[in-house]
Amino acid sequence: MNLSNIPFEKSDSSRVIGVCGCGGFIGSHLVRHILNNTNWTVIGVDTESGKISDVVGEARFQFIQNDYTGDSVLQHLTAKCHVIFSLASLCNPSQYNLIPLEVIESNYNKPVRLVNACLASKTWLVHFSTSEVYGKTASALGVHFAANEDTRSDYLLKEDHSHLIMGPANKQRWSYASAKQLLERYIIAAGETGQMPYTILRPFNFIGPNMDYIPGLDGEGVPRVLACFMSALLKEEPMMLVDGGRSKRCFTYIDDVMEFCMALLLNGKKGHNEIFNVGAAQNETTIANLAVQIKELASTYEITTPEIRHISAEEFYGQGYDDSDRRYPDVGKARALLNWKANTSLRDALEKTVKWYLNYYRSNNFPQSGYSHSLTK
Ligand code: UGA
């Protein structure tokens, strides 16, 4: 592809949004959301296109099917785009033990090239980091709170104040979070030169249509928990609860994330040089309860209600797995600066998501060969 043929310039009055990792879960929603709700143009880069096949070819969408870290791609992105979203990432916990070198490459070595390109061109970088940079909570390390006490304020994860607590270096689970953390520090250092505006997002378990893949149907390996449970529904297999399903997560619906992205883009400099937790704190649940809720929902469809089965982390993920026990975000900053909060309840998010998975994968028209594994968020 001759990239110099892309017909718009950074100086054009209409905005041009770059999306690295546009073929992944978040990226594909973002491209569609921008095209459907604005008159802006999107330049998307990804090696895979299965999740965006419906918009490839649209006039305001330039799709570059390539690695986003090549010199020519980076030069074109930074020459044309007003803002670049950085989404490409290996981000499934099952990968952290199995292929830690690739995980670090994908979450540090590669995106740092994009940071350098944005720095050189003074382009606004919106980087999707992870809530996993917070790591474990103090409680997991032996700090105990009084029984019956409402511990939520002790657990509250604050962008600019909380400690980032990783497990030991020989626990490969932390390869991903450590790489993400170092990249955050690199971006902040680059931003402090005053040459590059940046925004760092820390996602809290985004869920919705088209998340990850269904093993054996359009991908291989172990996806994140929601897709694991959807796989169980579709294949009429048990939902596996790792280590009793005690860990807690705040599941955030993808449409709320899109609202966050729009609030960020429309508020211009208010989001510059800030880190934001992007999460639905009110949706906090244990994984055990998530499984029960999905089981209840399944009973309203004409499918076999899945059994819930217990399994140890080692058996499920292999040696080297470790876990974040709880991720509970303070979302006050996003509210104060961007007037954003996640509005979709867990129940609504699960209803919409289950419905989509059942319709999509039962219709048999999903792109089975479009993507072999989940490489991008
Ligand atoms: C993952 C990634 O590491 C982060 O990049 C990402 O930010 C985060 O997902 C996210 O989606 O925001 P984690 O929440 O640990 O982190 O990933 P999941 O695979 O969704 O696991 C959540 C919990 O469910 C874990 O405790 C896991 O052990 C458990 N689980 C997973 C099950 O009980 N059963 C399963 O079938 C799969």
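Indexing begins at 1, ligand by ligand and atom by atom, following the structure's order. Values below: every heavy atom of this structure, side chains too, minus hydrogens, waters and symmetry copies.
Inclusion of L241 in the set of residues having an N or O under 3.5 Å from an N or O of ligand 1 is not warranted. Geometrically, ligand 1 and V242 share a nitrogen or oxygen pair separated by less than 3.5 Å. Residue-to-ligand polar distances keep M211 apart from ligand 1: every N/O pair is separated by 3.5 Å or more.
At least one side-chain heavy atom of F229 sits under 4.5 Å from a side-chain heavy atom of L241. Residues I294 and L226 have side chains in contact (heavy-atom distance under 4.5 Å, counting atoms from C-beta outward). Within the 4.5 Å cutoff, side-chain heavy atoms of I26 are placed close to those of M258. By the 4.5 Å heavy-atom criterion applied to side chains, E102 and Q95 are not counted as neighbours.
Contact between P93 and ligand 1 is present, with at least one heavy atom of the residue lying under 4.0 Å from the ligand. Residue G245 places no heavy atom under 4.0 Å from ligand 1. Contact between M239 and ligand 1 is absent, with no heavy atom of the residue lying under 4.0 Å from the ligand.
Other residues, nucleotides and ligands place more than 12 heavy atoms under 6.0 Å from the CZ atom of R347.
Between F25 and H29, the ring-plane angle classifies as perpendicular under the 30° and 60° cut-offs.
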Could you go through residues 115-126 and list every donor-acceptor pair under 3.5 Å that involves a side-chain atom there, pairing it with any protein atom two or more places apart or in another chain?
from: N116; atom 1: OD1; to: Y186; atom 2: OH; distance (Å): 2.7
from: N116; atom 1: ND2; to: V112; atom 2: O; distance (Å): 3.4
from: S121; atom 1: OG; to: A117; atom 2: O; distance (Å): 2.8
from: S121; atom 1: OG; to: C118; atom 2: O; distance (Å): 3.4
from: S121; atom 1: OG; to: T123; atom 2: OG1; distance (Å): 2.7
from: K122; atom 1: NZ; to: Q195; atom 2: OE1; distance (Å): 3.3
from: T123; atom 1: OG1; to: K10; atom 2: NZ; distance (Å): 3.0
from: W124; atom 1: NE1; to: T199; atom 2: OG1; distance (Å): 3.0

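Under the side-chain hydrogen bond (donor to acceptor under 3.5 Å, both in side chains) test applied with Y134, the options R202, Q181, R327, K158 reduce to a single match, R202.
Close contacts of ligand 1 with C91, meaning ligand atoms under 4.0 Å from a residue heavy atom, involve 2 (C), 5 (O). Each of the following atoms of ligand 1 lies closer than 4.0 Å to a heavy atom of Y317: 19 (O), 27 (C), 28 (O), 30 (N), 31 (C), 37 (C). Every atom of ligand 1 with a heavy atom of S247 under 4.0 Å away is listed here by number and element: 26 (O). Counting the atoms of ligand 1 from 1 in the order shown, those under 4.0 Å from a heavy atom of R249 are 13 (P), 14 (O), 15 (O), 22 (C), 25 (C), 26 (O). Under a 4.0 Å criterion applied to the non-hydrogen atoms of R173, ligand 1 contributes the atoms 13 (P), 15 (O), 16 (O). The atoms of ligand 1 that sit less than 4.0 Å from any heavy atom of M240 are 32 (C), 33 (O), 34 (N), 35 (C), 36 (O). Counting the atoms of ligand 1 from 1 in the order shown, those under 4.0 Å from a heavy atom of T130 are 4 (C), 5 (O), 6 (C), 7 (O). Those atoms of ligand 1 that come under 4.0 Å of a heavy atom in C228, given as number and element, are 36 (O), 37 (C).
The residue from R309, R202, E132 that puts a heavy atom closest to atom 16 (O) of ligand 1 is E132. Between Y321, F204, Y96, it is Y321 that holds the heavy atom closest to atom 27 (C) of ligand 1.
Follow the hydrophobic side-chain contacts under 4.5 Å out from V16 and you reach Y198 in the same cluster.
The aromatic ring centres of F276 and F260 sit less than 6.0 Å apart.
For R326 and Y328, the positive end sits near the middle of the six-membered ring, less than 6.0 Å away and at most 45° from its axis.
Only the side chain of D323 comes within 4.0 Å of ligand 1, counting heavy atoms alone; its backbone N, CA, C and O stay farther away.
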